[in-house]
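First up is the structure itself, then whatever we jot down about it.
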There are 2 protein chains.
Amino acid sequence: MAGKKSPNGPRLEPEGTTAARRAPMREFSRSLPMSLLRAREAVMRQFRPSLRNHGLTEQQWRILRALTAVDTIEVTELARVAFLLGPSLSRILRDLEARDLIERRTAKADLRRGEVSISSRGLKLIEAVAPTSEAIYAEITSRYGARKLAELQDMLGELERGLAEMEVSGEAETEADE
Amino acid sequence: MAGKKSPNGPRLEPEGTTAARRAPMREFSRSLPMSLLRAREAVMRQFRPSLRNHGLTEQQWRILRALTAVDTIEVTELARVAFLLGPSLSRILRDLEARDLIERRTAKADLRRGEVSISSRGLKLIEAVAPTSEAIYAEITSRYGARKLAELQDMLGELERGLAEMEVSGEAETEADE
DNA sequence: GAAATTTGTTTAACATGTTAAGTTATCCTG
DNA sequence: CAGGATAACTTAACATGTTAAACAAATTTC
């Protein structure tokens, strides 16, 4: 891809020449990151309005949703499950606690750890949102096909696992590179 | 350093006693949005270090990358291609222009429109990053399998198109719902 | 052809993503 | 048992996501 570039000077012309004179590379819009981004956005666009009507963002919903599956959970574990970085989670928990949607206390055995659980108020909110959310999910499944959807998720999972292996191989350029 | 856990801390039970007393719903971590999010993050985690070494964020890279394919492009069209919302793009363009990586001017025919193009400095930067970027992409393709990757992207594209159709059907609750 | 409406872009405000640094509590080693 | 290294968060700082509002230029209406 390091082909010889035509020495086309900087564009100072209002009406440039033709369009296709630069580095080709892969078709940008068809890159894997873009495909995944657009697909996810297309999915979330379906859910956001409903969540918004209940005063929840996507991340807040993920957290409450994860909390319904457990009695209590530590912050770090919650970050892993809800797939949020620590700082984001820290801010959101502060907000959710202020809104009385969750409850927190420090672990007796280890004062560093925080234990989080959903409040009855939070539980009510979840139960109010869930039906719409489930309906949307069912509609998506129906449209796309349950089997194909499962297959897609399998492929995504395999991709994820494969990339996790790459992590260990290419760990050597924390410095340099320019 | 290994899996040393708290000696008496209550662990999470997938099918635990106290855990499964609330709303069941779908398995949270296996939802489509989470699958897509994790997969995309796994992919981007590969690219981010390299981009960072060149002082670029993912979005800035997307913009410069899109600009290499055209002579000039209008802001709105650039937002569509790079898949960024107007406000985000507006901020990033301001920054990229300050760093002399792009050039801007207003269209003669329509003073509302802004025309953007990459600068020679921006082009140099792209050419510096591209090799590493392409190598990573090649590695991913090789690991996952070119055929399977193409299939995955086809499925993602179909999902995206299918959901786009849903948009028109369920448009009636801009108000109410709470 | 001026007012009303629409369009292209930016600004504002708040929430999250991302990396680095700070805090406090545990663990660990001499 | 004093430090030093770790671990679990939390803060800070900057960039982007997201929605609403502001603005100016173009288009439509009456």
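All chains are named by letter (A, B, ...) in the order of the sequence lines, taking the proteins before the strands, and each is independently numbered beginning at 1.
We find that A:Arg161 and A:Glu158 are not joined by a salt bridge, their nearest charged nitrogen and carboxylate oxygen being 4.0 Å or further apart. The residues B:Arg45 and B:Glu41 are annotated as salt-bridged, a charged nitrogen and a carboxylate oxygen being separated by less than 4.0 angstrom.
Counting to the nearest Å, the P atom of C:dT19 and the CG atom of B:Leu51 are 11 Å from each other. Taking atom CD of residue B:Gln60 and atom P of nucleotide C:dG17, one finds them 18 Å apart after rounding to whole Å. Atom-to-atom, CG of A:Asp95 to C1' of D:dT10 comes out at 16 Å; the value is rounded to the nearest Å. Remark: P of D:dA15 and CG of B:Leu96 are 11 Å apart, rounded to the nearest angstrom. In this structure, the CD atom of A:Glu58 is 21 Å from the P atom of C:dC14, given to the nearest Å. Atom C1' of nucleotide C:dC27 and atom CZ of A:Arg113 are separated by 12 Å, given to the nearest angstrom. If you take CZ of B:Arg91 and C1' of C:dA12, they are 10 Å apart, rounded to a whole angstrom. Atom CG of B:Leu78 and atom C1' of C:dT10 are 15 Å apart (whole Å).
Backbone-only engagement by B:Ile92 is indicated by non-hydrogen atom pairs under 4.0 Å involving sugar-phosphate atoms exclusively. At the heavy-atom level, A:Thr57 lies under 4.0 Å from the strands shown only through sugar-phosphate atoms. The residue B:Arg52 sits close only to the backbone: its heavy atoms come under 4.0 Å of sugar-phosphate atoms, none of a base. Contacts of B:Leu84 with the nucleic acid, taken as non-hydrogen atoms under 4.0 Å apart, involve only primed sugar atoms and P, OP1 or OP2.
When the side-chain nitrogen and oxygen atoms of A:Arg48 are compared with OP1 and OP2 of D:dT18, one or more of them lie within a distance under 4.0 Å. The side chain of A:Arg94 places no N or O atom within less than 4.0 Å of a non-bridging phosphate oxygen (OP1 or OP2) of C:dA15. OP1 or OP2 of D:dG17 lies within a sub-4.0 Å distance of a side-chain N or O belonging to B:Ser88. Between C:dG17 and B:Gln59, no contact under 4.0 Å exists linking OP1 or OP2 to a side-chain N or O. Close to C:dT10, at under 4.0 Å from its OP1 or OP2, lies a side-chain N or O of B:Ser90.
Note that OG of A:Ser35 is 4.0 Å distant from CD of B:Gln153, once rounded to the nearest 0.5 Å. With values rounded to the nearest 0.5 angstrom, B:Leu96 atom CG is found 12.5 Å from B:Arg91 atom CZ. Rounded to the nearest 0.5 angstrom, A:Ser119 OG and A:Arg99 CZ are separated by 11.0 Å.
Annotation: of the two residues near DNA chain C, B:Gly86 and A:Leu85, the 5′-most nearest-nucleotide partner is B:Gly86. If A:Leu93 and B:Leu111 are placed on DNA chain D by their nearest nucleotide, the residue sitting closer to the 5' end is A:Leu93.
A donor-acceptor pair under 3.5 Å is formed between the side chain of B:Thr68 and the backbone N or O of B:Arg65.
Candidate nucleotides D:dC9, C:dA25, D:dT18 were compared by shortest atom distance to the side chain of A:Asp110, and C:dA25 ranks first. Comparing D:dA24, D:dG17, C:dG17 by their nearest atom to the side chain of B:Arg112 picks out D:dA24.
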